[in-house]
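Down below is the structure, laid out as structure tokens.
All residue numbers in this chain count up from 1 along the given sequence.
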Amino acid sequence: MIRIENLSFSYEDKQVLKDINFSIKEKEKVVLLGINGSGKSTLLKILNGLIFPDRGSYYFKDELITEKRLKDKEFARKFRKSNVLLFQSPDSMIFNPTVYDEIAFGLRQLSQDGIDEKVRFWADKLGIYRYLDRSPFELSGGEKQKVCLASILVLEPELLLLDEPTANLDPRTTGWFIDFLSELDTTVITTTHNLSLAPELGERGIVLSEDHTVIYDGDINSFIDNIDLLKKANLVHTHYHRHGKLKHKHYHTHDF
Ligand SMILES: Nc1ncnc2c1ncn2[C@@H]1O[C@H](COP(=O)(O)OP(=O)(O)OP(=O)(O)O)[C@@H](O)[C@H]1O
């Protein structure tokens, strides 16, 4: 479904993705790991066709994705329906007067049929049916996150790109979200720097290093169990501990 070849990207003179290569098959669930600023969100934006690489290629369903290709209205319509991105901050996604309008927005833009039925179905599935007539701005962070999720899932996409989707969720809602994700029959790429959550979000991990290259691509548990790789990705740190009278230093992984 996805093929990335020798891809690099810079914001002006700052390179944030260097020579990236990977392929993702249909229905795979992949976790994109890396410290702050390693380039995870940038990569998701490229996969969603919002920004374009300086070098290298991105193929989605065997089509080379370029700015020019997305100017073709019919192609863009199909691409935008099947390839969706949940932004890190729900506040940057919501802008409609009601939750109903928020969820219906994409379907209306893409002139889809059966809008009312689809909006109600996904609102119910995400537990936000009672908020349909409310302003999304009045909701809590987690509720807003669910509205944003409904607004992309209603398109029945083939690829779901999720940028830190559990950042606003409490432990119970995070548990609900993980179960919900595992039941979705869709290709999903999720970013996180939460190491204990990562194996719940997918079996395969792609890890970006501080120097913006891919330093690991494979089984997520094998990555998390490998202290040398964790150190290389700067996903562990050391600090002192006191056990009774004994003070010593060791490596830690932390969930941020
Ligand atoms: N629009 C922009 N203009 C200039 N620099 C940017 C822009 N967006 C991101 N950057 C920079 O690019 C680098 C990569 O950012 P990105 O958001 O992709 O990282 P990330 O791995 O998702 O980080 P985080 O875990 O903090 O969300 C960072 O140094 C960031 O400051």
Side-chain angles (χ1 to χ4, degrees), residues 1-25 28-58 60 83-89 92 145 159-169 174 177-178 181 187-239 251-256:
M1 171 175 265
I2 287 172
R3 207 163 80 241
I4 292 278
E5 288 175 355
N6 308 317
L7 182 145
S8 298
F9 179 87
S10 304
Y11 289 110
E12 293 170 3
D13 57 351
K14 186 176 188 249
Q15 192 166 32
V16 297
L17 292 171
K18 264 188 219 164
D19 206 21
I20 309 288
N21 289 279
F22 60 80
S23 298
I24 293 176
K25 293 196 197 78
E28 257 193 285
K29 292 210 168 70
V30 176
V31 189
L32 188 57
L33 275 163
I35 59 159
N36 292 132
S38 53
K40 303 179 298 294
S41 300
T42 303
L43 185 52
L44 289 195
K45 285 179 189 156
I46 290 176
L47 293 172
N48 191 233
L50 296 177
I51 53 177
F52 302 90
D54 312 326
R55 265 180 291 139
S57 318
Y58 162 37
F60 177 68
N83 180 324
V84 298
L85 169 62
L86 179 78
F87 281 77
Q88 204 164 15
S89 147
S92 61
Q145 188 78 301
L159 173 66
L160 204 52
L161 303 163
L162 305 173
D163 202 352
E164 296 283 347
T166 58
N168 295 299
L169 305 182
T174 299
F177 178 77
I178 285 165
L181 203 62
T187 315
V188 187
I189 306 176
T190 311
T191 71
T192 188
H193 24 66
N194 185 323
L195 288 178
S196 57
L197 206 60
E200 313 266 6
L201 299 167
E203 285 173 12
R204 174 177 169 194
I206 297 180
V207 184
L208 290 175
S209 67
E210 204 164 7
D211 73 353
H212 314 292
T213 58
V214 171
I215 51 159
Y216 182 84
D217 181 354
D219 178 66
I220 187 78
N221 283 309
S222 306
F223 173 75
I224 287 170
D225 292 342
N226 187 324
I227 189 76
D228 291 329
L229 282 172
L230 287 170
K231 281 197 261 180
K232 210 169 148 194
N234 284 324
L235 285 165
V236 281
H237 70 137
T238 54
H239 63 78
Y251 281 106
H252 271 265
T253 60
H254 271 288
D255 295 330
F256 303 99

Open item on the list: Go through it in stages, so that I can follow the logic: the residues are Arg204 and Val30, the test is side-chain contact (heavy atoms from CB on, under 4.5 Å), and I'd like the CA-CA distance, side-chain angles, deciding distance and then a yes or no.
Closed with: CA-CA 5 Å; Arg204 174 177 169 194; Val30 176; 4.1 Å; yes
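- In this structure a side-chain-to-backbone donor-acceptor pair under 3.5 Å is missing from Asp163 to Thr191.
- Phe9 CZ to Ile46 CD1: the interatomic distance, rounded to the nearest 0.5 Å, is 5.5 Å.
- With values rounded to the nearest 0.5 angstrom, Gln88 atom CD is found 9.0 Å from Leu44 atom CG.
- Remark: side-chain polar atoms of Gln145 are not paired, donor with acceptor, to backbone N or O of Thr166 under 3.5 angstrom.
- Asn226 is not listed as a side-chain neighbour of Tyr216, based on a closest heavy-atom distance of 4.5 Å or more.
- The two atoms that bring Ile215 and Ala233 nearest to each other are CD1-CB, 3.5 Å, heavy atoms only.
- Nearest heavy atom pair, residue Pro53 against residue Leu7, reads CB-CG, 3.6 Å.
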TODO: Walk me through it: do Leu208 and Leu17 pass the test side-chain contact (heavy atoms from CB on, under 4.5 Å)?
DONE: CA-CA 9 Å; Leu208 290 175; Leu17 292 171; 4.1 Å; yes
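- The OG1 atom of Thr174 lies 12.0 Å from the CG atom of Leu181; values are rounded to the nearest 0.5 Å.
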- [ ] Go through the steps to decide whether Val31 and Leu197 satisfy the test side-chain contact (heavy atoms from CB on, under 4.5 Å), and finish with yes or no.
- [x] CA-CA 10 Å; Val31 189; Leu197 206 60; over 6 Å; no
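- Between Ile2 and Ile189, the shortest heavy-atom distance links the atoms CD1-CD1, 3.8 Å.
- Relative ring orientation between Tyr58 and Phe60 is described as tilted, the plane-to-plane angle lying within the 30° to 60° band.
- Distance check: Ile20 CD1 to Arg55 CZ gives 11.5 Å after rounding to the nearest 0.5 Å.
- A heavy-atom distance below 4.5 Å is not found between the side chains of Leu159 and Ile24.
- The side-chain heavy atoms of Glu203 and Glu28, taken from C-beta on, include no pair separated by under 4.5 Å.
- For the pair Asn48 (side chain) and Asn83 (backbone), a donor-acceptor distance under 3.5 Å is present.
- Put simply, the side chain of His212 gets close to the backbone of Val16: a donor and an acceptor are under 3.5 Å apart.
- Summarising the local packing, CD of Glu5 is surrounded by more than 12 heavy atoms from other residues, nucleotides or ligands at distances under 6.0 Å.
- A heavy-atom distance below 4.5 Å is found between the side chains of Leu33 and Thr192.
- Closest approach of Ser38 and Ser209 over heavy atoms only: CB-O, 3.5 Å.
- Minimum heavy-atom separation, Ile220 to Pro199: CG2-CA, 3.8 Å.
- Using modelled atom types and a 3.5 Å distance limit, the side chains of Ser196 and Asn194 yield a donor-acceptor pair.
- Between Leu235 and Leu195, the shortest heavy-atom contact is O-CD1, 3.6 Å.
- Between the CG atom in Leu161 and the CZ atom in Phe87 there is a gap of 10.0 Å [rounded to 0.5 Å].
- For the atom pair CG (Leu43) and NZ (Lys45), the distance works out to 11.5 Å, reported to the nearest 0.5 Å.
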